[in-house]
Chemist: 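Sending over a structure as structure tokens; questions will come in a sec.
Only heavy atoms go into these numbers, but all of them, side chains included; no hydrogens, no water, no symmetry mates.
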Amino acid sequence: TAAVAGQPAAARERVLSDDEIRFVMLTDRKAGPVLRFLLLTGLRLGEAFNGHREGQYWVVPASASKNRREHRVWLSTLALAQLEAHPWEVRREAVQLWLKNNAGGWTAHDLRRTFSTRNNALGVAPYVVEKMLNHTFDGTMAVYNHASYDAERRQALENWSDWLATLSKAPAHVVPLRVAARQS
């Protein structure tokens, strides 16, 4: 019951602003490459730490995927650049702790929501965005649509990477995050 287990968590709606995205793309904090990789790929934190690179793809094995299906994510040049620090200098727990102490209220999963929201806003077809997130379809789509949309996913990820690179070069209007006294 709710009395024993507690109230169910409310669904979060947090999507990062342009200035917060710019911060993620430009930060020199140790967690920066991980955060950028999450934003560039739409992966969950665990998928980033438990996956591996195969050529120009990041492969999340079925054992590390929420839906227990292997997930292959095209890596843009900008996403590949984040892997130069892989294995990253920070552990998964350190990224979560840094976010809790420094991110001004957003989480690693909010990067995933931002990825989805912004790609949909950029005109990527919703079913392609869902495939990029490794979501499964419901209803009739689940029965009849088994397309992988590899070409569309690749193009969308390249366009997303280009958009993030362009945004990173634009001047910021606000400093959205408080800076911690120490870097971690």
Chemist: Is there a path of hydrophobic side-chain contacts, each under 4.5 Å between heavy atoms of I, L, V, M, F, W or Y residues, that connects Tyr149 with Phe115?
Modeler: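 Same cluster: Tyr149 reaches Phe115 through Ile, Leu, Val, Met, Phe, Trp or Tyr contacts under 4.5 Å.
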
Chemist: Under 4.0 Å between a side-chain nitrogen and a carboxylate oxygen: does that hold for Arg14 and Glu20?
Modeler: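 Yes, charged N to carboxylate O under 4.0 Å.
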
Chemist: Say whether, by atom type as modelled, one donor and one acceptor occur between the side chain of Arg92 and the main chain of Leu45 under 3.5 angstrom.
Modeler: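 No, Arg92 side chain to Leu45 backbone: no donor-acceptor pair under 3.5 Å.
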
Chemist: Would you call Arg22 and Asp19 a side-chain contact if the rule is heavy atoms closer than 4.5 Å?
Modeler: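 SC-SC contact between Arg22 and Asp19 confirmed.
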
Chemist: So with a 6.0 Å cut-off around OH of Tyr127, is the heavy-atom count from everything else above 12?
Modeler: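 For Tyr127, atom OH is not crowded (no more than 12 foreign heavy atoms under 6.0 Å).
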
Chemist: Please indicate whether Glu93 has more than 12 foreign heavy atoms, meaning atoms of other residues, nucleotides or ligands, lying under 6.0 Å from its CD.
Modeler: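 Buried by this count: over 12 neighbours within 6.0 Å.
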
Chemist: Test of understanding: with side chain to side chain contact (heavy atoms under 4.5 Å, CB included), list the residues that count as partners of Ser116, not counting sequence neighbours.
Modeler: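 Ser116 satisfies side chain to side chain contact (heavy atoms under 4.5 Å, CB included) with Asn120, Val129, Leu133 only.
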
Chemist: Below 4.5 Å, heavy atoms only, C-beta onward: do Met132 and Leu157 meet side chain to side chain?
Modeler: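 With C-beta onward as the side chain, the pair touches.
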
Chemist: Is there side-chain contact between Leu80 and Phe37, with at least one heavy-atom pair below 4.5 Å?
Modeler: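 Side-chain contact under 4.5 Å: no.
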
Chemist: Indicate if Val15 and Leu122 have the same hydrophobic cluster label, given that clusters are the connected sets of ILVMFWY residues with side-chain heavy-atom separations under 4.5 angstrom.
Modeler: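 No: no chain of side-chain contacts under 4.5 Å links Val15 to Leu122.
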
Chemist: Could you point out which residue of His52, Arg69, Glu47, Glu70 forms a side-chain contact (heavy atoms from CB on, under 4.5 Å) with Val60?
Modeler: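 The passing option is Glu47.
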
Chemist: Step by step, work out the side chain to side chain contact (heavy atoms under 4.5 Å, CB included) result for Ile21 and Arg118.
Modeler: CA-CA 11 Å; Ile21 293 171; Arg118 296 297 184 112; 3.7 Å; yes

Chemist: Spell out, as yes or no, whether a donor-acceptor pair under 3.5 Å connects the side chain of Arg12 to the backbone of Asp110.
Modeler: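 Answer holds: no.
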
Chemist: If I take atom CD from residue Glu130 and atom OG1 from residue Thr136, how far apart are they, to the nearest 0.5 angstrom?
Modeler: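 Answer for the CD-OG1 pair, Glu130 versus Thr136, is 9.0 Å.
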
Chemist: State, yes or no, whether a side-chain contact exists between Ser161 and Thr77 at a heavy-atom distance under 4.5 Å.
Modeler: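 Heavy-atom side-chain distance check fails, nothing below 4.5 Å.
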
Chemist: Between Leu39 and Trp160, is a side chain to side chain contact (heavy atoms under 4.5 Å, CB included) present by the stated rule, with each step listed?
Modeler: CA-CA 10 Å; Leu39 185 60; Trp160 174 238; 3.9 Å; yes

Chemist: Less than 4.5 Å apart, side chain to side chain, heavy atoms only: is that true for Thr107 and Gln96?
Modeler: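 Thr107 does not reach Gln96 side chain to side chain.
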
Chemist: Compute both the distance and the angle, then confirm whether Arg72 meets the cation-pi test with Tyr57: under 6.0 Å from the six-membered ring centre, within 45 degrees of the axis.
Modeler: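 Pair Arg72/Tyr57 counts as cation-pi.
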
Chemist: Taking the six-membered ring of Trp74 as reference, does the NZ or CZ atom of Arg154 fall below 6.0 Å from its centre and within a 45° cone about the axis?
Modeler: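 Pair Arg154/Trp74 counts as cation-pi.
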
Chemist: Same cluster for Leu75 and Met25 if Ile/Leu/Val/Met/Phe/Trp/Tyr side chains link at under 4.5 Å?
Modeler: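 Yes: a chain of side-chain contacts under 4.5 Å links Leu75 to Met25.
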
Chemist: Is atom CG of Asn67 surrounded by more than 12 heavy atoms (other residues, nucleotides or ligands) closer than 6.0 Å?
Modeler: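 It does: Asn67 CG has more than 12 such atoms within range.
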
Chemist: In this structure, would Leu35 and Leu26 fall into the same cluster of hydrophobic residues linked by side-chain contacts under 4.5 Å?
Modeler: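 Different hydrophobic clusters.
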
Chemist: Going only through I, L, V, M, F, W and Y residues with side-chain contacts under 4.5 Å, is there a path from Met141 to Val128?
Modeler: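 They do share one cluster, since a chain of ILVMFWY contacts under 4.5 Å joins Met141 to Val128.
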
